[in-house]
**Q** 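Before I ask anything, let me first share the structure, which is written out below as structure tokens.
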Protein chains: 2
Amino acid sequence: MAKSSQVSMQDVAKTAGVSPQTVSRVANGSDAVKPETRQRVEAVMQRLGYRPNYAARALKRGKFQDIGVVMFNTSSFGNSRILDSIISSAADDDYSITIQTMRHGSERTLAAAIERMQQQPVDGVIVVLEERISDFAGYKPPKELPVVLISEGAADHCPTVDTDQYGCSTAIVDYLMSKGHKTVYHIAGPATSRAAESRARGWREALEQIGAPVPSMYIGDWCADSGYQAGVALAHDPDCTAIYAANDQMAYGAILDCNPPASACLTMSASSASTIRWRTWCHG
Amino acid sequence: MAKSSQVSMQDVAKTAGVSPQTVSRVANGSDAVKPETRQRVEAVMQRLGYRPNYAARALKRGKFQDIGVVMFNTSSFGNSRILDSIISSAADDDYSITIQTMRHGSERTLAAAIERMQQQPVDGVIVVLEERISDFAGYKPPKELPVVLISEGAADHCPTVDTDQYGCSTAIVDYLMSKGHKTVYHIAGPATSRAAESRARGWREALEQIGAPVPSMYIGDWCADSGYQAGVALAHDPDCTAIYAANDQMAYGAILDCNPPASACLTMSASSASTIRWRTWCHG
DNA sequence: CTGAAAGCGCTTACAG
DNA sequence: CTGAAAGCGCTTACAG
């Protein structure tokens with residue numbers, strides 16, 4: 001919107017010989033315009049390259065038609081899927097997305113993240129929380145800005161949604177056990193992750209429920225390397241025939257060295273909007 | 001910015017007993033304010049929960065402090081890395097990012113994408129192009145909105161940047177050959193991808209340069225499954241000791257079945273801002 | 001150091 | 001079906 005080169009509603013109005021009002025009506029698809037007037041105005045808009053000014057419109061309307069999204073990063077598999085889904089869902093309703101990441105240097109608190117978002121053209125904010133964050137539990141969003149958290153465990157004063165991490169884990173364990181394995185090994189995510197904890201808990205309790213032995217758990221850091229390390233160890237364990245890794249990356253890593261001993265390796269990932277995606281590797 | 005609950009500059013001015021002017025000066029950190037006045041105004045801002053109105057500010061300033069990014073999706077490994085980098089680079093200069101994906105239903109042209117972005121609060125647009133797009137070559141961006149393409153091969157009328165796909169490929173081939181392999185197999189990306197084509201060309205010409213035999217190439221679709229298919233075939237080829245896959249996912253897939261025959265499997269991925277990331281798997 | 005005035009480009013009642 | 005007026009909340013010269 002370089003001021004000089006911007007064609008305004010005024011310009012169109014003047015050229016078309018109508019009031020700005022009428023141009024506005026045409027721009028917004030009102031049907032209270034005579035067809036031939038509309039046509040004339042549209043022709044001028046086209047010719048002059050008129051674009052409605054976003055800022056002026058938002059100022060008047062009192063909303064931005066835009067939702068802010070805050071994530072730690074956009075490059076983890078889960079986050080990038082969530083983001084994709086948010087973007088296309090928003091687009092379905094003509095909403096745009098403003099994305100921000102939690103910066104390493106600055107305070108990693110909800111308060112700081114929302115504070116930054118309040119300077120942005122957003123009508124509401126979605127925060128995707130993978131790690132624990134110091135002010136999670138008691139955080140109170142400002143009343144002018146709706147905030148929804150995607151995180152496990154509800155915050156006290158803020159709407160929170162999440163996928164059923166625990167349920168996915170038990171389902172995966174049940175699935176593998178139904179294939180005849182004696183037990184399932186687990187490569188967990190880091191202790192800082194709420195999701196990792198729930199997945200591990202689901203795995204453990206599902207095994208206990210069935211009465212299967214609970215092998216000691218490997219704790220990774222979501223990265224392939226950590227899965228690889230676990231795989232190296234597991235490759236020498238004759239009892240290991242099935243592994244459930246807490247995310248894709250670690251499963252990829254584990255596969256590198258646990259093949260052929262482990263005849264089945266399953267990995268799950270929580271994707272957007274409570275859709276659970278399963279992936280089966282090395283069908284055994 | 002729900003109009004009713006929004007605290008305006010006026011409100012602060014009235015409460016603090018100064019002019020809106022002065023509030024503006026405080027909000028923008030001007031030093032032409034008496035310290036005690038500033039303090040008083042800041043206290044009131046704090047107490048009332050004042051936030052400058054983004055739309056009004058943008059309308060006046062004539063810019064948004066925001067850059068639009070258009071991608072086919074945000075969930076491919078390369079794209080998510082690029083996005084992460086763009087976001088944090090932008091944040092360093094207090095710019096925000098508005099992200100949009102090319103929708104499946106709508107026209108997948110630069111013209112359509114930029115058209116949509118012109119309705120957004122953006123001062124410029126970055127388009128990440130993985131596939132060929134019909135209006136790529138001759139596309140002319142509007143003069144009011146700066147557009148930069150990330151794509152291979154320059155467009156005629158639009159600034160274009162890209163990583164050195166070709167150079168990466170030759171470097172990877174050279175690296176593997178230096179490890180004593182007789183040749184390197186290639187799992188390429190789909191023919192629709194410019195990047196895939198350059199990577200394949202780099203691979204082929206590097207082998208020719210060295211005088212190594214050029215095995216027939218496998219063409220995948222970037223997904224792990226296609227890499228897996230290639231791996232299944234290669235596992236039975238005794239001459240295959242090294243594979244260069246055009247992206248991570250296909251490399252993951254290939255590894256599943258080509259181990260142990262292929263003693264080395266390298267994959268590259270083009271990441272953000274012309275940084276080339278290498279990953280070595282199965283050091284042989 | 002501080003304020004009164006004008007205006008950014010649009011939309012929203014209100015008249016006709 | 002069309003237009004004149006007011007105002008969204010801020011910033012930018014211009015005075016003092």
Side-chain angles (χ1 to χ4, degrees), chain A residues 1-42 44-45 48-65 118-123 144-145, chain B residues 1-42 44-45 48-65 118-123 144-145:
Chain A
M1 58 182 285
K3 238 180 252 177
S4 47
S5 60
Q6 179 82 2
V7 178
S8 77
M9 195 165 259
Q10 272 292 354
D11 300 331
V12 176
K14 218 164 288 178
T15 311
V18 296
S19 73
Q21 253 298 10
T22 300
V23 179
S24 171
R25 278 191 267 258
V26 173
N28 291 289
S30 156
D31 48 337
V33 182
K34 212 195 318 182
E36 57 189 69
T37 310
R38 168 189 309 288
Q39 217 160 3
R40 185 152 40 96
V41 173
E42 274 170 348
V44 175
M45 283 175 161
L48 265 47
Y50 169 72
R51 306 279 164 208
N53 180 299
Y54 177 92
R57 197 170 241 188
L59 177 58
K60 238 344 206 173
R61 298 224 247 240
K63 70 171 204 166
F64 295 112
Q65 202 82 359
Q118 282 191 300
Q119 326 278 51
Q120 295 308 128
V122 299
D123 302 312
E144 322 87 59
L145 191 69
Chain B
M1 55 181 287
K3 238 179 248 176
S4 45
S5 60
Q6 180 82 0
V7 177
S8 78
M9 193 165 259
Q10 272 292 353
D11 301 330
V12 175
K14 219 165 289 179
T15 310
V18 297
S19 73
Q21 254 298 11
T22 300
V23 179
S24 171
R25 277 192 268 259
V26 171
N28 291 290
S30 157
D31 48 337
V33 182
K34 213 197 316 182
E36 56 190 71
T37 309
R38 168 189 308 287
Q39 217 161 3
R40 185 152 42 97
V41 173
E42 275 170 348
V44 174
M45 283 175 161
L48 266 47
Y50 170 72
R51 306 279 162 206
N53 180 300
Y54 178 90
R57 196 171 243 185
L59 176 57
K60 235 351 203 166
R61 299 223 246 241
K63 71 171 205 166
F64 295 112
Q65 202 82 359
Q118 282 191 300
Q119 325 277 52
Q120 296 307 129
V122 298
D123 302 313
E144 322 86 59
L145 191 68

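Residue numbers begin at 1 in each chain, while the letters A, B, ... track the order of the sequences. Keep in mind that this is a model prediction, so the values were computed, not measured.
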**Q** Hey, what are the protein-to-nucleotides 5-7 of chain C N/O distances that come in under 3.5 Å?
**A**
residue: C/dG7; atom: N2; partner: B/K60; partner atom: NZ; Å: 3.3

**Q** For A/R25, which residues count as a salt bridge (charged side-chain N to carboxylate O under 4.0 Å, His left out) partner, sequence neighbours excluded?
**A** none

**Q** Could you tell me how far apart A/N28 (CG) and C/dT12 (C1') are, to the nearest whole angstrom?
**A** 11 Å

**Q** With sequence neighbours excluded, tell me which residues meet salt bridge (charged side-chain N to carboxylate O under 4.0 Å, His left out) with B/R57.
**A** none

**Q** Once Watson-Crick and G-U wobble pairs under 3.5 Å are found, how is DNA chain C written in dot-bracket notation, 5' to 3', with | for any base paired to another strand?
**A** |||.||||||||.|||

**Q** Taking side-chain hydrogen bond (donor to acceptor under 3.5 Å, both in side chains) as the test, write out the residues that go with A/S8, two or more places apart.
**A**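 For A/S8 the side-chain hydrogen bond (donor to acceptor under 3.5 Å, both in side chains) partners, ignoring immediate neighbours, are A/D11.
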
**Q** Using whole Å, report how far CE of A/M9 lies from P of D/dG3.
**A** 13 Å

**Q** Given side chains that start at C-beta, do those of A/Y54 and A/P121 come closer than 4.5 Å, heavy atoms only?
**A**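 Sidechains of A/P121 and A/Y54: in contact.
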
**Q** Starting from P on D/dC10, measure out to NZ on B/K14 and report it in whole angstrom.
**A** 13 Å

**Q** Below 3.5 Å, can you tabulate the donor-acceptor pairs from side chains in residues 32-42 of chain A to any protein atom, sequence neighbours excluded?
**A**
residue: A/R38; atom: NH2; partner: A/S30; partner atom: O; Å: 2.6
residue: A/R40; atom: NH1; partner: A/A16; partner atom: O; Å: 2.5

**Q** So what does B/P20 hit on the nucleic acid, given a heavy-atom distance under 4.0 Å: a base, only sugar-phosphate, or nothing?
**A** nothing

**Q** Let me know the distance between CD of A/Q10 and C1' of D/dA4, rounded to the nearest Å.
**A** 12 Å

**Q** Give one of base, sugar-phosphate or nothing for A/R38, where a contact means two heavy atoms less than 4.0 Å apart.
**A** nothing

**Q** Please report the distance, rounded to the nearest Å, between CD in B/Q65 and P in D/dC10.
**A**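 Rounded to the whole Å, the gap is 17 Å.
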
**Q** Between C1' on D/dT12 and NZ on B/K63, what's the gap in Å once rounded to a whole number?
**A** 16 Å

**Q** Taking side chain to side chain contact (heavy atoms under 4.5 Å, CB included) as the test, write out the residues that go with A/Q118, two or more places apart.
**A**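 Side chain to side chain contact (heavy atoms under 4.5 Å, CB included) check on A/Q118 returns A/I114, A/P142, A/E144, A/L145, B/R51.
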
